[in-house]
Peer 1: 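The structure's right below; bear with me while I get my questions together.
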Amino acid sequence: MSSSKDADTQRPAPFSFDRLRIRTTATVVNLVAAVFLVGCANGSFWRAMAVALEPSASGRWVFLATTGLILVLVFSILFSLVSNPAVHKPFLVASIVLASISDYFMGSYGIVINREMITNLLETDSREAAEFFTWALFRHVFLLGVLPASVLLLTQIRYRPWRRELLVRTGFVMASSALLAVLLVANFKELVLFGRNHRALRSYVNPTYPIYSFIRVLQAKHEARDVQSLQVIASDATRPVTATRTAVVYVIGESARAENFSLNGYDRPTNPELGRRNVISFTDVQSCGTDTASALPGMLSHLGKRHYSAREAKKYENLLDVLQRVGVQVIWRDNNSGSKGMADRVRYEELSCAQDEALRSGKGCYDEILLQGLDQLLRDNTGDLLIVLHQLGSHGPSYYKRTPKAFKRFLPECDRDDVQECERQTIINAYDNTIVYTDYVLARLIDLLEAQAYPTAMLYVSDHGESLGEYNIYLHGLPLAIAPSQQTHIPMIFWASPDFLKAKAMDPVLLAASLSNPYAHENLFHSFLGLFDVQTSLYEPSLDLFLPARNRKLACPRRKIVNNAVK
Ligand SMILES: [Zn+2]
């Protein structure tokens, strides 16, 4: 017996993968995970820091190292708080994978994953989302997310008996917090001054800021559910009955920036068609947000700049509700990703080009789809009509998918979804082609309106602008406070038929005189009320951009429309 036992002990143990497993404590795992995230998944944060710090600033490297150490301490304290064996690994794995995804989008497009971005993500459709799933994304997430997460999953974490583990965890959290306090106190002045001047930097910290933003979005959705009912606005609104019918088309553009319109002085001929029509291009217009979810409600909201947020706006009715109530027929036609709740109570048409090969682009449609059937709608109109056309416009990153072949004037154009792999000039070419196409769509719309036998008008306004590599930033969605002008300076173009100008007693010369006045999305609510002659205590004449060009004395209504009935 004993001899066979000896032989067993002398025989080399069979190879087992288990021997390769890393065995370590929760403290070490937390520290390594924190260092990995701070060092490898925060490229955008470090780049933003480097830009924010003066290159010549003394102690630049010490400041960067201190910031890095502070972040490692904060992350490892957070991880220590969830070091319960049941949730520890899943939490770390989720953090690492999430960080790799955020890092890709932040690094590739120069964006931050804030509340607006997450709201957009939740409200986007599969067609839009599919354009972001590129090989570059999979490669990045595999190397920075899946691979380190796999190592972590294979690691055997040795947890002590729970009382001792709790004691060790508490000790670690206290020691780390003490070190953190020392660092903060020792560098208080520099940190506070720097932090005050560069508040937006915190939105680059990955993955804590994306997680924080996601929680805030869920909170907001929960709160919105608590709101009993939509708040009525302009309940006193009335409108004169006029003998003539009118139609106004409100074109909501997408990601179009003012500086790339030749009407506004761009040196490339991006507006060959509008340039030949009698339009007024307002040159100094600012958006109320830098992405669709936060800007679109502001293009219809009564809340001015001071009180506006997309969240607040959704608690109230909007321009479309007011106009519909005073008898204007309202129709929303969509070629984008929906109205963000703005057209929930009016006639809504989601357009499909499934049967029309020429208008199909990937899984989406070219914007000319918005004009299909429009002539009939305008002819059928018997009263006053507002049609909203929600464009796909210059939606990125796949600009090349927005333009039919005939409109690719600027070549070569970037024809990839991961635009950061393209030469910058080819991205600008692809973007400028989208403006050329929008120019064509708007010109065709004007021709259609001009052919009607009654007064018609068009106002085109973009929801926000777009970055095309200036300061190494792409797309849009930076917080308003730090967004470059390319993301907030938007085009606004007005056209009206001679009949419309006459019916509204509007002097185009006076209107043209105001084209360089500063305007913003907040002007739109009041300007549309003005165009339809709606009278309400909510109407703010100083915000109506058309008012200075109108002679109110020429319009003398006798009867009024109150809540859809003639009185
Ligand atoms: Zn948008």
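Whatever order the structure lists them in is the order used to number ligands and atoms, beginning at 1. Just the heavy atoms: all of them, side chains too, but no hydrogens, waters or symmetry mates, feed the values below.
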Peer 1: Within the 3.5 Å criterion, strictly below it, is a donor on Thr292 or Glu254 matched to an acceptor on the partner's side chain?
Peer 2: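 Looking only at side-chain atoms, Glu254 and Thr292 do form a donor-acceptor pair, the distance falling under 3.5 Å.
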Peer 1: N/O/S atom of His476 under 2.8 Å from the Zn ion (ligand 1), yes or no?
Peer 2: no
Peer 1: I need the OE2(Glu254)-the Zn ion (ligand 1)-OG1(Thr292) angle, rounded to 10 degrees.
Peer 2: 120°
Peer 1: May I ask you to check whether Gln487 and Ser467 show a side-chain donor-acceptor distance below 3.5 Å?
Peer 2: yes
Peer 1: Can Glu273 and Arg409 be counted as an ion pair, charged N to O under 4.0 angstrom?
Peer 2: no
Peer 1: May I ask you to decide if the ring planes of His476 and His395 are parallel, tilted or perpendicular, using 30° and 60° as cut-offs?
Peer 2: perpendicular
Peer 1: Can you tell me which N/O/S atom of Asp463 has the shortest distance to the Zn ion (ligand 1)?
Peer 2: OD2
Peer 1: Report the atom name of the nearest N/O/S atom of His464 relative to the Zn ion (ligand 1).
Peer 2: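 Per the distance ranking, His464 contributes NE2 as its closest N/O/S atom to the Zn ion (ligand 1).
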